[in-house]
Chemist: 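Input: one structure, supplied below.
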Amino acid sequence: MEQLVDYFLQNHDKLLYALAGIILVIELTVLGLGGPLLFIGIACAITGVLVTTGLLSSWESEIFSVGILSLISALLLWKPFKQLQGPSKVSDSSSDMIGQIVPVSEQVTRNGGSIRHSGINWQARLDSSSNVETLDSGERVEICGVEGNVMIVKVQE
């Protein structure tokens, strides 16, 4: 074990490469490529290259480099990586009723009301993003969500 510690103390670039590898493995297996360890791992790898080429020689400059490069990589790569993870708004498919067009049976507001689906009156309320305050009986609405036994509806588009 002492030999391994001595080796890494004499070869900082190899230590930085090992840290980068360990950090990236933890990031990929535990955090799923969504956490800050990714940027620290990238910074360790780049700093290791700088140490190998002789541009950095003291441990103080290596630590400073890892910190600065972590910040720079986070600033540059945060948005592109978030876009790779997919859309932030995922359509709700928790119920087969979502997307159905149904009639209002009793006036629907943001606080309550009812709709008629499959011959049954269901409790309903307006979607919070709706631009109307009330929907009168007989109007057609689209079910856009389900919260418990309450259907969230919006004006049919």
Side-chain angles (χ1 to χ4, degrees), residues 1-102 108-113 115 117 122-133 135 141-157:
M1 184 68 174
E2 277 184 47
Q3 293 173 340
L4 184 63
V5 171
D6 287 338
Y7 176 77
F8 281 134
L9 288 175
Q10 294 172 3
N11 300 293
H12 292 183
D13 56 341
K14 307 299 190 280
L15 175 63
L16 288 164
Y17 294 141
L19 281 173
I22 292 168
I23 287 171
L24 291 174
V25 165
I26 291 171
E27 175 72 31
L28 291 172
T29 57
V30 177
L31 301 175
L33 200 60
L37 288 180
L38 174 67
F39 306 116
I40 297 169
I42 291 170
C44 283
I46 294 171
T47 302
V49 170
L50 294 174
V51 171
T52 300
T53 60
L55 295 173
L56 297 176
S57 58
S58 68
W59 65 269
E60 294 94 348
S61 62
E62 294 166 13
I63 292 172
F64 183 73
S65 173
V66 168
I68 293 297
L69 289 172
S70 295
L71 180 65
I72 291 170
S73 64
L75 290 173
L76 293 175
L77 299 174
W78 186 264
K79 281 190 178 183
F81 282 166
K82 281 296 181 189
Q83 290 173 349
L84 286 176
Q85 290 179 347
S88 58
K89 181 156 174 92
V90 178
S91 63
D92 186 359
S93 62
S94 59
S95 171
D96 60 347
M97 294 172 68
I98 294 174
Q100 297 287 320
I101 308 298
V102 296
V108 175
T109 66
R110 294 188 196 283
N111 297 323
I115 59 171
H117 183 271
W122 295 84
Q123 293 179 15
R125 67 176 171 79
L126 273 170
D127 184 42
S128 60
S129 65
S130 181
N131 55 1
V132 297
E133 294 298 319
L135 296 170
V141 294
E142 179 181 350
I143 300 172
C144 61
V146 178
E147 290 181 1
N149 65 343
V150 178
M151 304 301 136
I152 310 303
V153 298
K154 63 181 180 181
V155 177
Q156 179 184 358
E157 296 174 359

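Residues: numbered from 1 along the sequence shown.
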Chemist: Which heavy atom in Ser73 sits nearest to a heavy atom in Ile42, and how many Å separate them?
Modeler: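 Heavy atoms of Ser73 and Ile42 come nearest at CB-CG2, 4.3 Å.
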Chemist: Compare all side-chain heavy atoms of Ile152 with those of Arg125 and state whether any distance is below 4.5 angstrom.
Modeler: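 SC-SC contact between Ile152 and Arg125 confirmed.
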Chemist: Once you round to the nearest 0.5 Å, how far does CG of Leu38 lie from CD1 of Ile26?
Modeler: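 Atom-to-atom, Leu38:CG and Ile26:CD1 are 13.0 Å apart.
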Chemist: Using side-chain heavy atoms (C-beta onward) and a distance below 4.5 Å, is Ile115 in contact with Ile143?
Modeler: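 Side-chain contact under 4.5 Å: yes.
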Chemist: Please enumerate all residues that pass side chain to side chain contact (heavy atoms under 4.5 Å, CB included) together with Phe64, with sequence neighbours excluded.
Modeler: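 Only Ile68 meet the side chain to side chain contact (heavy atoms under 4.5 Å, CB included) criterion with Phe64.
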Chemist: Parallel, tilted or perpendicular: which describes the rings of Trp78 and Phe39, with under 30° parallel and over 60° perpendicular?
Modeler: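 Tilted.
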Chemist: With a 4.5 Å cut-off on side-chain heavy atoms, are Met151 and Val146 touching?
Modeler: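 Yes - at least one pair of side-chain heavy atoms lies under 4.5 Å apart.
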Chemist: What residues, two or more places apart in sequence or in another chain, satisfy salt bridge (charged side-chain N to carboxylate O under 4.0 Å, His left out) together with Glu133?
Modeler: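 Per chain and number, Glu133 pairs via salt bridge (charged side-chain N to carboxylate O under 4.0 Å, His left out) with Arg110.
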Chemist: Going by the rule side chain to side chain contact (heavy atoms under 4.5 Å, CB included), which residues pair with Leu15 if we only count those two or more places apart in sequence or in a different chain?
Modeler: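 Listed in chain order: Phe8, Leu19.
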Chemist: Can you list every side chain to side chain donor-acceptor pair (under 3.5 Å) pair that touches residues 11-22, not counting sequence neighbours?
Modeler: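 Every pair satisfying side chain to side chain donor-acceptor pair (under 3.5 Å) with a residue in residues 11-22: His12-Glu62, Asp13-Thr52, Tyr17-Thr52.
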Chemist: Would you say Ile40 and Leu37 make side-chain contact, with heavy atoms under 4.5 Å?
Modeler: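 Heavy-atom side-chain distance check passes, below 4.5 Å.
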Chemist: Mind checking what makes side chain to side chain contact (heavy atoms under 4.5 Å, CB included) contact with Ser57, not counting sequence neighbours?
Modeler: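 Result, side chain to side chain contact (heavy atoms under 4.5 Å, CB included) vs Ser57: none returned.
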Chemist: Shortest non-hydrogen contact from Ala124 to Val153?
Modeler: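 Heavy atoms only, the tightest pair is CB-CG1, 4.4 Å.
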Chemist: Walk me through it: do Thr109 and Asn111 pass the test side chain to side chain donor-acceptor pair (under 3.5 Å)?
Modeler: CA-CA 5 Å; Thr109 66; Asn111 297 323; 4.6 Å; no
Chemist: Tell me every residue that passes side chain to side chain donor-acceptor pair (under 3.5 Å) with Ser128, counting only those two or more places apart in sequence or in another chain.
Modeler: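 For Ser128 there are no side chain to side chain donor-acceptor pair (under 3.5 Å) partners, ignoring immediate neighbours.
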Chemist: Identify which one of Val141, Asn131, Val108 satisfies the side chain to side chain contact (heavy atoms under 4.5 Å, CB included) criterion when paired with Leu126.
Modeler: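 Among Val141, Asn131, Val108, the one that satisfies the side chain to side chain contact (heavy atoms under 4.5 Å, CB included) with Leu126 is Val108.
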Chemist: The criterion is side chain to side chain contact (heavy atoms under 4.5 Å, CB included); which residues satisfy it with Ser58, sequence neighbours excluded?
Modeler: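 By the side chain to side chain contact (heavy atoms under 4.5 Å, CB included) rule, Ser58 matches Glu60, Ser61.
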Chemist: Give every donor-acceptor pair under 3.5 Å between a side-chain atom in residues 43-51 and any protein atom, sequence neighbours left out.
Modeler:
{"from": "Thr47", "atom 1": "OG1", "to": "Ala43", "atom 2": "O", "distance (Å)": "2.8"}
{"from": "Thr47", "atom 1": "OG1", "to": "Ser65", "atom 2": "OG", "distance (Å)": "3.0"}

Chemist: Checking Gln100 now: which residues fulfil side chain to side chain donor-acceptor pair (under 3.5 Å) with it, not counting sequence neighbours?
Modeler: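 Scan of Gln100 (side chain to side chain donor-acceptor pair (under 3.5 Å), adjacent residues dropped) gives none.
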